[in-house]
Amino acid sequence: MKKEYFFKNKSKWLWIALGSVAILVRVLLGFSPELTERVYSRGVFLGVRYFLDYTLGWMPVPFVQVFLVGLFAYLIYKVRQLIRTHESFFSSLKRVSLGIVSFCFGVIFFFLVLWGYNYGRLPIENSMQLSPNPLTLKELKAELKINTQEVAEARMSIPSITDSAIQKTFLPIDLENEVRQEIEKLLKKLDYPTPGTVRGRMLQPKGILLRFSTAGVYFPWTGESNIDAGLHPIQIPFTLAHEFAHGYGFTDEGTCNFLAYLACIQSDNQFFQYSGHLSYWRYLASSYRRNDREGYSGYFKTLPKGMITDLYSIDANSNKYPDILPRWRNAVYDTYLKTQGITEGVINYNRIVMLVKSWREKEGCLLYTSDAADE
């Protein structure tokens, strides 16, 4: 009877076996980032990238939406099939439980093979020879002062700019290709491969991600970089560059923020430069506000008028899409990141501050003196 049961459900057991092997490989690769980098990130993953980009990437609509609709239809079909099946409750429970477990292990298998093994690759600070360390409050204030000047200069350099809030008319027509080219140019400069042509999709309806405190998401099962269509125009180039970095094999959120920042500020497009500088400024400001709310309040009043207008405009746009279950979302995502070896969890997004500070020091562009923060 047991043998008959096994062969009757052999496909389900196969997915459980494949998922288990994939997890074991992930654990073993975790002990050797060098091997992961060489064999998977710069080897197997390149083939995965080409396959996804020149099949699903040609879809005229975000394939993630087709995927999710198809999955929903499949679940309805399975439920109807279960209802029509005349068998005991115990038999149904056993069959459904095995099906769910099999499905989950199949999802894990494809997640790891198509992208997830990149979690075990060498940190970017190794290849760039950076030494990121937490900033003191004094260093944070000094970095914020430098960046504020950069933001102001970047904004002033945008053609036809005024003190009014920036609108979507400042976005280039061929946004997806232009942002992708910037991240590819940066990665090639850093000696990272850029296989295929990662797609950057705008997800509708507006707020579908923002209501879960998420501006964008990389979907490994389709290979697409997706951002919320409801994002403020200033946030779009930086966020899209961040998701493209995921698409080219970088999993760490702080690393993708850092790469997006570098890609934007080194672009010839002045609006991209502003997007990068202001996005970084918001991370700095958030850290400063947490440590010195009164000091931040006073500093905010000294900002250029156009910059303040844009910051209020971004906040107003975000308020259109209030969070749904924010604590639940943060808890789930925090747990997910930690299981993938990112011990900081969601705080990892703020690692951009440490990486940029270290990069400035290495490149010799950290312009302030030890007294700058006190001025």
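In this text the structure is predicted, and so the values were computed from the model without any measurement.
At least one donor-acceptor pair closer than 3.5 Å links the side chain of S157 to the backbone N or O of A154. Judged by distance alone, with hydrogens and angles left aside, the side-chain atoms of E224 form a donor-acceptor pair with the main-chain N or O of F63 at under 3.5 Å. Looking at T309, its side chain does come within 3.5 Å of a backbone N or O of D163 through a donor-acceptor pair. Judged by distance alone, the side chain of N317 and the main-chain N or O of G230 form a donor-acceptor pair under 3.5 Å. In this structure a side-chain-to-backbone donor-acceptor pair under 3.5 Å is present from S318 to I314. Using modelled atom types, one side-chain atom of Y117 and one backbone atom of A22 make a donor-acceptor pair closer than 3.5 Å. Distance alone, capped at 3.5 Å, is enough to place a donor-acceptor pair between the E243 side chain and the Y218 backbone. Not one N or O on the side chain of S358 forms a donor-acceptor pair closer than 3.5 Å with the backbone of M354. Between the side chain of T302 and the backbone N or O of Y299 there is at least one donor-acceptor pair closer than 3.5 Å. Side-chain N or O atoms of W359 include none that pairs as donor or acceptor with a backbone N or O of M128 at under 3.5 Å.
Using a 4.5 Å cut-off on side-chain heavy atoms (C-beta onward), L278 and L311 make contact. Between L259 and L190, some side-chain heavy-atom pair lies under the 4.5 Å cut-off. Residues Y248 and P195 are in side-chain contact: their nearest non-hydrogen atoms beyond the backbone lie under 4.5 Å apart.
In terms of hydrophobic clustering, with Ile, Leu, Val, Met, Phe, Trp and Tyr side chains grouped at heavy-atom distances under 4.5 Å, L130 and L122 are assigned to different clusters. One hydrophobic cluster holds both I208 and V66 under the rule that ILVMFWY side chains link at heavy-atom gaps under 4.5 Å.
Checked against the 6.0 Å centroid threshold, Y192 and F250 count as a close aromatic pair. Centroid-to-centroid, the aromatic rings of F105 and W13 stay 6.0 Å apart or farther.
Rounded to the nearest 0.5 angstrom, L24 CG and L29 CG are separated by 9.5 Å. Atoms CD and NE2, on Q235 and H242 in that order, are 13.0 Å from each other to the nearest 0.5 Å. Note that CD1 of I234 is 6.5 Å distant from OG of S313, once rounded to the nearest 0.5 Å. For the atom pair K185 NZ and D268 CG, the distance stands at 5.0 Å (nearest 0.5 Å).
A salt bridge is defined here as a Lys NZ or Arg NE, NH1 or NH2 lying under 4.0 Å from an Asp or Glu carboxylate O, and E143 with K357 fails to meet this definition. Comment: D310 engages R155 in a salt bridge, judged by a side-chain N to carboxylate O separation of less than 4.0 angstrom. Ion pairing between E139 and R360 fails under the 4.0 Å rule for side-chain N and carboxylate O. Using a 4.0 Å cut-off between a side-chain N of Lys or Arg and a carboxylate O of Asp or Glu, E176 and R199 qualify as a salt bridge.
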Q: Test side chain to side chain contact (heavy atoms under 4.5 Å, CB included) on R351 and D252 and set out the steps.
A: CA-CA 9 Å; R351 203 167 77 92; D252 181 274; 3.2 Å; yes
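Scored by the side-chain hydrogen bond (donor to acceptor under 3.5 Å, both in side chains) test, T197 finds Y54 as partners (sequence neighbours excluded). Shown here are the salt bridge (charged side-chain N to carboxylate O under 4.0 Å, His left out) partners of E184, two or more places apart in sequence or in another chain: there are none.
Checked options F110, W115, F111; the residue passing with W221 is F111 (criterion: ring pair (Phe, Tyr, Trp, His ring centres under 6.0 Å)).
At a cut-off of 3.5 Å, with distance as the only test, a side-chain donor of S286 or R290 sits close to an acceptor on the other residue. For the residue pair Y321/D228, the side-chain donor-acceptor check at 3.5 Å is not satisfied. No donor-acceptor contact under 3.5 angstrom links the side chains of H246 and S225, judged on distance only. For N118 and T251, the side-chain atoms include no donor-acceptor pair closer than 3.5 Å. N147 and Y280 are not linked by any side-chain donor-acceptor pair at a separation below 3.5 angstrom, with hydrogens and angles left out of the test.
Ring planes of Y296 and Y288: perpendicular class, angle over 60° (limits at 30 and 60°).
Note on residues 55-73: no pairs pass side chain to side chain donor-acceptor pair (under 3.5 Å), not counting sequence neighbours.
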